[in-house]
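Data first, discussion second: the structure below is written as structure tokens.
Computed from a predicted model, the values in this text were never measured in an experiment.
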Amino acid sequence: MKIIGINGSPRGDQSRTRRLIQAVLDGATEAGAETELIDVSAYDLKYCTGCGVCYAQGECLLADDFEEIYQKILDADGIVLGSPVYIMSVTAQLKTLIDRMADAIHCQMLNGVYSVAVTTTGGGGHDEVIAYMQRVLNMLGSITIGGVGVALGRDPDALNGATLEAAALGVTLVDSIRTSRHYPEQEEILAKNREYFCALVSANKDVWVHEYEYWKELDLLLH
Ligand SMILES: Cc1cc2nc3c(=O)[nH]c(=O)nc-3n(C[C@H](O)[C@H](O)[C@H](O)COP(=O)(O)O)c2cc1C
């Protein structure tokens, strides 16, 4: 079982979000998973230009490291998505990666993958950013088993308490993957997402040829 941690902070080893992601991964390792943590900022990642070639052909024309990161994501059974709060949102680094995954969203590529969202912040915005990352994960087809967000401005020691919570989430993540645990509320949301993207791709079948073929192969086209 493979679990990948993705850190949106540009601060490398200094990143407090990285520490929290690592705590989730440590819990997962103890529960028997193989883990890897990547910093998005360590990769050459260009902005999505909205050209639509990925919808039509299933590949991106930009020459950079996206495919390498994307392959790691596709190879994983579990994902720990992390970012510090930057002006009430995720960092530009993580958003750049998310934008590059619009084709993955249309094709629901993380169907069957379990995930966790992690954030740190100075004073606030953590609930909103956890909710945003969990929504993105749901849009990709993934079930999120929880999230941990912590405000560190007034109490830097809060990170220590949060790492315990994070490690416990790592154990739950592994258990959820191992037992294909059900999350009925999210399963309803994911079913609606699948229906929505299936209909969207179908409506654009003449242009989004690759995505239409993908859904057709899955035999899940509703229209
Ligand atoms: C550009 C920038 C924007 C930030 N925006 C917010 C914010 O909107 N609210 C907040 O409480 N903290 C904000 N912070 C503080 C970070 O969220 C906080 O220091 C976080 O723990 C940094 O995580 P890292 O160590 O993983 O990079 C911001 C920091 C930077 C550099």
Side-chain angles (χ1 to χ4, degrees), residues 1-47 64-101 113-130 132-134 136-137 142 144-174:
M1 178 194 305
K2 275 193 196 164
I3 298 180
I4 183 170
I6 301 170
N7 183 21
S9 169
R11 299 200 318 128
D13 288 346
Q14 299 297 308
S15 165
R16 307 190 288 191
T17 310
R18 193 180 214 280
R19 270 184 61 194
L20 213 48
I21 296 170
Q22 187 61 58
V24 180
L25 296 181
D26 288 347
T29 304
E30 240 170 75
E34 188 188 316
T35 66
E36 179 181 5
L37 200 169
I38 64 163
D39 294 295
V40 178
S41 63
Y43 292 83
D44 172 27
L45 208 55
K46 296 184 169 54
Y47 296 135
D64 61 10
D65 296 334
F66 173 69
E67 278 305 324
E68 188 184 338
I69 303 179
Y70 187 42
Q71 203 49 56
K72 285 178 191 288
I73 292 172
L74 292 182
D75 286 346
D77 307 291
I79 292 175
V80 184
L81 190 62
S83 173
V85 173
Y86 270 20
I87 325 297
M88 302 302 289
S89 189
V90 296
T91 61
Q93 286 83 354
L94 184 60
K95 185 61 166 58
T96 302
L97 175 62
I98 292 169
D99 288 352
R100 294 287 292 279
M101 293 181 70
V113 174
Y114 289 85
S115 54
V116 170
V118 171
T119 190
T120 67
T121 174
H126 42 312
D127 290 342
E128 290 89 339
V129 169
I130 289 287
Y132 170 72
M133 286 192 284
Q134 288 182 327
V136 169
L137 288 160
S142 168
T144 71
I145 64 112
V148 53
V150 58
L152 301 166
R154 287 197 201 130
D155 179 14
D157 288 341
L159 193 58
N160 294 330
T163 53
L164 294 178
E165 193 187 330
L169 267 180
V171 175
T172 308
L173 179 60
V174 170

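Between the OG1 atom in T17 and the CZ atom in R11 there is a gap of 8.0 Å [rounded to 0.5 Å]. Taking CG from L164 and CG from L159, the interatomic distance works out to 10.5 Å, rounded to the nearest 0.5 Å. How far OG of S89 is from CD of E128: 10.5 Å, rounded to the nearest 0.5 Å. In this structure, CZ on R100 lies 9.0 Å from OG1 on T96, to the nearest 0.5 angstrom. Rounding to the nearest 0.5 Å gives a distance of 7.5 Å between CG of L173 and OG of S115. Here CG of D26 is found 7.0 Å from OG1 of T35. Values are rounded to the nearest 0.5 Å.
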(request) Check step by step if side chain to side chain contact (heavy atoms under 4.5 Å, CB included) holds for V90 and V129. (result) CA-CA 6 Å; V90 296; V129 169; 3.9 Å; yes

(request) Evaluate the criterion side chain to side chain contact (heavy atoms under 4.5 Å, CB included) for residue pair R19 and T120; output intermediate values, then yes/no. (result) CA-CA 10 Å; R19 270 184 61 194; T120 67; over 6 Å; no

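Here Y86 pairs with nothing under the ring pair (Phe, Tyr, Trp, His ring centres under 6.0 Å) rule; sequence neighbours left out. Residues satisfying the ring pair (Phe, Tyr, Trp, His ring centres under 6.0 Å) criterion with Y70, sequence neighbours excluded, are F66. Remark: D127 engages no residue in a salt bridge (Lys or Arg N to Asp or Glu O under 4.0 Å) (not counting sequence neighbours).
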Show me, pair by pair, the donor-acceptor contacts under 3.5 angstrom made by side chains of residues 72-85, not counting sequence neighbours?
{"from": "K72", "atom 1": "NZ", "to": "E36", "atom 2": "OE2", "distance (Å)": "2.8"}
{"from": "D75", "atom 1": "OD1", "to": "Q71", "atom 2": "NE2", "distance (Å)": "3.3"}
{"from": "D77", "atom 1": "OD2", "to": "K2", "atom 2": "N", "distance (Å)": "2.7"}
{"from": "S83", "atom 1": "OG", "to": "T91", "atom 2": "N", "distance (Å)": "3.0"}

Cut-off 3.5 Å, no hydrogens considered: what does the side-chain donor-acceptor table look like for residues 37-45, sequence neighbours left out?
{"from": "D39", "atom 1": "OD1", "to": "N7", "atom 2": "ND2", "distance (Å)": "3.0"}
{"from": "D39", "atom 1": "OD1", "to": "R18", "atom 2": "NE", "distance (Å)": "3.2"}
{"from": "D39", "atom 1": "OD2", "to": "R18", "atom 2": "NE", "distance (Å)": "3.1"}
{"from": "D39", "atom 1": "OD2", "to": "R18", "atom 2": "NH2", "distance (Å)": "2.9"}
{"from": "D44", "atom 1": "OD2", "to": "K46", "atom 2": "NZ", "distance (Å)": "3.4"}

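Between the S142 side chain and the V113 main chain, a donor and an acceptor come within less than 3.5 Å of each other. For the pair Q134 (side chain) and G146 (backbone), a donor-acceptor distance under 3.5 Å is present.
When all heavy atoms of A33 and I3 are compared, the closest pair comes out as CB-CD1, 3.8 Å. Scanning both residues, V150 and A158, for their nearest heavy atoms gives CG2-CB, 3.7 Å. Nearest approach of N160 to T163, heavy atoms of both residues: O-OG1, 2.5 Å. Annotation for G149 and H126: closest pair O-CD2, 3.6 Å, computed over non-hydrogen atoms.
The shortest side-chain heavy-atom distance between Y132 and K95 falls under the 4.5 Å cut-off. M101 places none of its side-chain heavy atoms less than 4.5 Å from the side chain of V136.
Within the structure, no pair that satisfies the salt bridge (charged side-chain N to carboxylate O under 4.0 Å, His left out) test touches residues 165-174, not counting sequence neighbours.
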